[in-house]
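Each remark here refers to the structure printed beneath this line.
Just so we're on the same page: letters track the sequence lines, and every chain starts at 1.
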Amino acid sequence: MISGRCAACKYLRRRCPSDCIFSLYFPPNDPQRFACVHRIYGASNVAKMLQQIPPPLRAEAAETLYFEARCRIEDPVYGCVGVISQLYEQLQSAESELAKTQAEIAVLNCNPQEAPIEANSNFNTLLAPFHSNFLV
Amino acid sequence: MGGSSPCASCKLLRRRCAKDCIFAPYFPSDDPHKFSIVHKVFGASNVSKMLQELPIHQRADAVSSLVYEANARVRDPVYGCVGAISYLQNQVSQLQMQLAVAQAEILCIQMQQEPNLPITQMDQDERSLLLSTNFNNIPQCLSFASSSNVIQDPLKRESLWI
């Protein structure tokens, strides 16, 4: 099956054996995928990593390696660690906002006479996450 | 000047540690594990190329993030750092959902407590949006199974930048 070389073997300019470790996860119609992974990890490291993983999990492993390689190419200093860092910041911000909002609810429930008359401004704040995150 | 010990990289690679060795500032000889794990996942020549492409003042951070990723990948060979990303995204989504519910609750309380609020001034589209929002349709950026095996808080710089 010389014409059926996987993207990895095409990139590496070699024959693609029938038991090629890359062929299932780096199809020939997506050469960029292997190029990314090869650039960051190298072919032999990827082959070793895949060989050490049970076959049913190799597709996921190849996918995550590709994701991390892309992150590293886009951000050569922080890679996907930059994404993790941003997510931690978002998490802290959301926790803080939630705590503040729950405290406001507690105050409103305890002191019904002191409800601030700011319905419209609260409404716009309420809708902000819907507009930015939930509306596709 | 002469006779300084080779860096961890050159020790592992069994070669002479040149004065301008690109690894030496970031992989001191007293921490062999650090280079070993990066070499295992990325390979020495790939790390060298990556560092050479970066300005010097960014290389220390790049090494730290590579070590972080390599550790994550060794701990979780299938998902690596992506497991942590997926887990954190789910956490953020859940919190945002809880926040939206809490903010809706505030609005309801205010509407109950102040029946004379100018509700009629609300945009009808906005009102319909609030009432019809399905909190279950939270878009997920990643569809990987989440794994919390590799969670470390990168904001705690001491732990991340070893």
Side-chain angles (χ1 to χ4, degrees), chain A residues 39-42 44-45 48-49 52-54 57-58 60-61 63-65 67-68 71-72 75-85 87-92 94-95 97-98 101-102 104-105 108-109 112-113 115-120 122-127 129-131 133-136, chain B residues 40-43 45-46 50 53-54 58-59 61-62 64-66 68-69 73 77-85 88-89 91-93 95-96 98-100 102-107 109-114 117-119 121-122 126 129-130 133 137-139 142 144-145 152-155 160:
Chain A
R39 181 173 161 182
I40 301 302
Y41 297 102
S44 65
N45 284 336
K48 271 187 232 165
M49 285 193 261
Q52 289 166 3
I53 292 169
L57 294 173
R58 287 178 186 169
E60 284 283 85
E63 200 60 42
T64 62
L65 285 169
F67 179 86
E68 287 190 30
C71 284
R72 181 58 63 173
D75 183 351
V77 181
Y78 297 106
C80 66
V81 174
V83 175
I84 292 176
S85 205
L87 283 169
Y88 265 110
E89 284 179 13
Q90 281 181 32
L91 198 61
Q92 286 195 328
E95 281 174 345
E97 193 63 32
L98 182 62
T101 306
Q102 286 171 337
E104 281 177 31
I105 290 172
L108 285 173
N109 283 332
Q113 304 307 320
I117 308 173
E118 292 176 8
N120 287 335
N122 280 342
F123 199 80
N124 289 335
T125 306
L126 172 65
L127 283 180
F130 291 97
H131 285 300
N133 291 341
F134 301 147
L135 296 181
V136 175
Chain B
K40 181 174 178 178
V41 174
F42 296 100
S45 67
N46 287 332
M50 285 192 253
E53 288 169 6
L54 288 171
Q58 289 183 321
R59 289 179 187 173
D61 276 358
S64 296
S65 67
L66 287 168
Y68 186 95
E69 279 189 40
R73 184 57 66 173
V78 179
Y79 296 104
C81 276
V82 175
I85 291 173
L88 288 169
Q89 282 188 325
Q91 294 291 101
V92 168
S93 287
L95 276 174
Q96 286 177 334
Q98 289 174 36
L99 183 61
Q103 287 171 334
E105 193 176 335
I106 286 184
L107 189 65
I109 294 171
Q110 288 176 333
M111 284 165 66
Q112 286 167 7
Q113 292 173 356
E114 294 289 335
L117 281 174
I119 296 172
Q121 291 178 17
M122 281 184 198
E126 291 176 330
L129 172 64
L130 173 62
T133 296
N137 283 343
I138 310 294
L142 292 174
F144 300 112
Q152 290 178 26
D153 183 358
L155 294 180
L160 174 59

Inset, instruction - First locate atom CD1 of B:Ile106, then atom CD1 of A:Ile105, and finally report the distance between them rounded to the nearest 0.5 Å. - result: 5.0 Å
Inset, instruction - Measure the NZ-NZ distance between A:Lys48 and B:Lys40 for me, rounded to the nearest 0.5 Å. - result: 9.5 Å
Legend entry - Any donor-acceptor N/O pair, A:Glu68 side chain to B:Cys81 backbone, under 3.5 Å: yes
Inset, instruction - State the CD-CD1 distance between B:Gln89 and A:Ile84, to the nearest 0.5 angstrom. - result: 10.5 Å
Inset, instruction - Pick whichever of A:Gly82, A:Pro76, A:Cys71 has the most heavy-atom pairs under 4.5 Å with chain B. - result: A:Pro76
Inset, instruction - Please name the pair of heavy atoms, one in B:Ala102 and one in A:Leu98, separated by the smallest distance, quoted to 0.1 Å. - result: CB-CD1, 4.2 Å
Inset, instruction - Kindly give the heavy-atom pair with the smallest separation between A:Met49 and B:Val41, and that separation in Å. - result: CE-O, 3.6 Å
Legend entry - Check: B:Asn46/A:Tyr41 side-chain N/O donor and acceptor closer than 3.5 Å: no
Legend entry - Validation row: B:Leu66, A:Arg72 side chains within 4.5 angstrom (heavy atoms): yes
Legend entry - Rounded distance [0.5 Å steps], CD in B:Gln91 versus CD in A:Glu95: 8.5 Å
Inset, instruction - Evaluate the side-chain proximity of A:Thr64 to B:Arg73: yes if any heavy-atom separation is below 4.5 Å, no if none is. - result: yes
Legend entry - Atom group of B:Glu105 that falls short of 4.5 Å from chain A, counting heavy atoms: side chain
Inset, instruction - Check whether A:Leu87 gets within reach of chain B through its side chain, its backbone, both or neither, counting any heavy atom under 4.5 Å. - result: both
Inset, instruction - For each of A:Gly42, A:Cys80, A:Ala94, tally heavy-atom pairs with chain B at distances under 4.5 Å, and name the one with the top tally. - result: A:Cys80
